[in-house]
Peer 1: 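I have a structure I would like to understand better, so I am pasting it below and will then ask my questions one at a time.
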Protein chains: 2
Amino acid sequence: MARPRPASLADIARAAGVSAQTVSRVANGSDSVRPETAAKVREAMRTLGYRPSFAGRSLKQGRYRTVGLAMFNNITATGNIFRLDGITRAATEAGCALTLIEMDCTDHATLTSAAERLSALPVDGMIFNLTRPAENFLDFKPLAGLPMVIITNLEHPLCPTVDNDQLGCSHTIVDHLLDLGHRTVFHVAGKEESIASRLREQGWREALVARGVEPPPLLRGDWSGMSGYEAGAHLAAIPECTAIYASNDAMALGVVDALNDAGRRVPEDVSVVGVDDSLATVLPHDRITSLRFDNRAVGRWAFEHAMAEAAPQGDTPAHCLMPGTLIQRESVAPPAR
Amino acid sequence: MARPRPASLADIARAAGVSAQTVSRVANGSDSVRPETAAKVREAMRTLGYRPSFAGRSLKQGRYRTVGLAMFNNITATGNIFRLDGITRAATEAGCALTLIEMDCTDHATLTSAAERLSALPVDGMIFNLTRPAENFLDFKPLAGLPMVIITNLEHPLCPTVDNDQLGCSHTIVDHLLDLGHRTVFHVAGKEESIASRLREQGWREALVARGVEPPPLLRGDWSGMSGYEAGAHLAAIPECTAIYASNDAMALGVVDALNDAGRRVPEDVSVVGVDDSLATVLPHDRITSLRFDNRAVGRWAFEHAMAEAAPQGDTPAHCLMPGTLIQRESVAPPAR
DNA sequence: TTGTAGGCGTTATCAG
DNA sequence: CTGATAACGCCTACAA
């Protein structure tokens, strides 16, 4: 039951009584073929079901017109789908395809093993989507001749990097709340193993300190609405808590519910901000102010740099942190005097 | 600035003073190489930065160990990410990679054009993820020697097909509500161009008719919570409406909110059911009964059939509709007497 | 307009 | 244990 080899140029040539070269010309739409010959060839192609061989073509041309993407952990994590969509669209526009692998992180996968796996696939460049810390991140050396972009907030000495600006995200939110007159901002963090969560927490601390405010105790959730509710129930009991920054929208929603259940109004008594702007179409009335990232743009940037012809050797690689936009809704107001 | 060719077996062979064949043996972990020779070769590989060529390998072996996936329209549509994840995981387990392209449907893309594009890429089999009706669906002929799976509810004369069972979904929900004693079930449909929405609507009609119930007027939303709210506001004014089936969870949520705002309690006065079970981790307290599909399983099935060695020729192709599971929560109860 | 020769990187096969 | 040869499908370069 071995799969039969598909028809090759030579097969068509034999069937049409011409040379393989002529068939190649027809396949590539050269105009220097006599119409009748071309017709004969096309006929043979149809009958035998000719399809150009990707392997033969790439071997000859020395490139694949394909970008490789390694997703660490979990394709389904928030934002990944839009990054993937951004990469795919950019690739399509550039006439390229995308080769995707998923890296299991249970065994502390390193960039090196990902690079090895991807490099054996048809790729002219590669993109690593990092959502958790990678081992030996800084020591990693990209493979010669294979441009490699890492999606991460960290700068890398040898590879271009791009990501949502997680630190900036916190600064935007904290500054916004302090500017409104709030004395401090409480924070509900996401899962500890998430880089995004860690950076947002760090940015929250920095932003407060930069304004001379001692960061209040941290609350930790797990991204779920329920964990936000629990955090909110806790915070509702703290009178000086008038502003809460939750690391995603589900937790922000939970916080709001808990506050309401405890008799504290949003935004009159407490302001609440989330991240991702993910509930706008889900909730019938989304009232939660949220910081929205453009993950498609991140994906597009990654693609463009992964397929760049020649990375200017010797320069420091590009590093791009894309700022988010604060979508203002009704969950935020100045504190009551 | 042409990209230099990467080192080949021959280059390594030259550097190590052995034959290309020996280098190949080392690269493939053959045990019939003297350790010292192997060490010498490995050393040369390291210095020259050897990477096996996907093109060379595939050309020789006549296959790619890669499955192609064409996403029509919109990768980011609900469920697609889990299907993608299912395919990717199954592929990884089988030692395969995934080649992904996105098909633009603005120009009424057909299966044929998708097949053509995908078949020029490194694929041993392909999967089409259809979320909107395709032109000439039934006329489509798969390419010889390239197994092709279509993710759709429709049966195809030549290709294996798999999908969530959308008709069955409606029957499950409607029967459940009627069994509880409701006299009829109202339906809030999703976007008109969605196949899933159409089939759920059709299944809803069928299920009611099968039980001798005349389907009440249909309400149409656009998948958003807000559109559900509007439908719910309308339905709240209808006294005989005691059970509502919304085609997704966001609309179900909107329906519940609107009913509450109109003074009708859920589930005491009205029962509400959604589809997808997508809000469990988002809402702090998800009370909405919902039908959950296993999109990862759909993806896995598709992968396995796309990479099947020999589709038994002549047989009717496999057709699999995967049933969903009704996740029962507090939004459903028997009608008040 | 068409055909021939050669080589891209790899591996199966067979010879040493 | 190692090497030589040929072939996979295609395309560039050149020749007819």
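These values consider heavy atoms only, across backbone and side chains, with no hydrogens, waters or symmetry-generated copies. Within every chain, numbering begins at 1; the chains are lettered A, B, ... in the order of the sequence lines, protein sequences first and strands thereafter.
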Peer 1: May I have the distance from A:Tyr64 (atom OH) to D:dG9 (atom C1'), rounded to whole angstrom?
Peer 2: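 Distance check: A:Tyr64 OH to D:dG9 C1' gives 14 Å.
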Peer 1: Over how many whole Å does the gap from B:Leu59 atom CG to D:dA7 atom P extend?
Peer 2: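 Those two atoms, CG and P, are 14 Å apart.
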Peer 1: So, the side chain of B:Asp294 versus the backbone of B:Ala297: is there a donor-acceptor pair under 3.5 Å, distance only?
Peer 2: yes
Peer 1: Could you tell me the separation between the CD1 atom of A:Ile12 and the P atom of D:dC10, rounded to a whole number of Å?
Peer 2: 9 Å
Peer 1: Once you round it to whole Å, what is the distance between P of C:dG9 and CZ of B:Arg14?
Peer 2: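 Between P of C:dG9 and CZ of B:Arg14: 10 Å.
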Peer 1: Is there a side-chain contact between B:Thr22 and the phosphate of D:dG3, meaning an N or O under 4.0 Å from OP1 or OP2?
Peer 2: yes
Peer 1: Would you find a donor on one side and an acceptor on the other, under 3.5 Å apart, between the side chain of B:Asn164 and the backbone of B:Asn295?
Peer 2: no
Peer 1: Checking B:Arg65 side chain against B:Ala94 main chain: does a donor-acceptor pair fall under 3.5 Å?
Peer 2: yes
Peer 1: Calculate the interatomic distance between B:Lys60 atom NZ and C:dT11 atom P; express it in whole Å.
Peer 2: 9 Å
Peer 1: Kindly say if B:Ser19 contacts the phosphate of D:dA4, meaning a side-chain N or O under 4.0 Å from OP1 or OP2.
Peer 2: no
Peer 1: Between D:dC10 and A:Tyr50, is there an OP1 or OP2 to side-chain N/O distance shorter than 4.0 Å?
Peer 2: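 For D:dC10, OP1 or OP2 has a side-chain N or O of A:Tyr50 closer than 4.0 Å.
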Peer 1: Salt bridge check: are B:Arg117 and B:Glu102 linked by an N-O gap of less than 4.0 Å?
Peer 2: no
Peer 1: Of the options D:dT12, C:dT13, C:dT2, whose atoms approach the side-chain atoms of A:Gln21 most closely?
Peer 2: D:dT12
Peer 1: Return no unless some side-chain N or O of B:Arg25 is found under 4.0 Å from OP1 or OP2 of D:dT2.
Peer 2: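 No, outside the criterion.
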Peer 1: Check every strand shown and say whether B:Ser58 touches a base, only sugar-phosphate, or nothing at a heavy-atom separation below 4.0 Å.
Peer 2: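 The residue B:Ser58 makes no contact with any strand.
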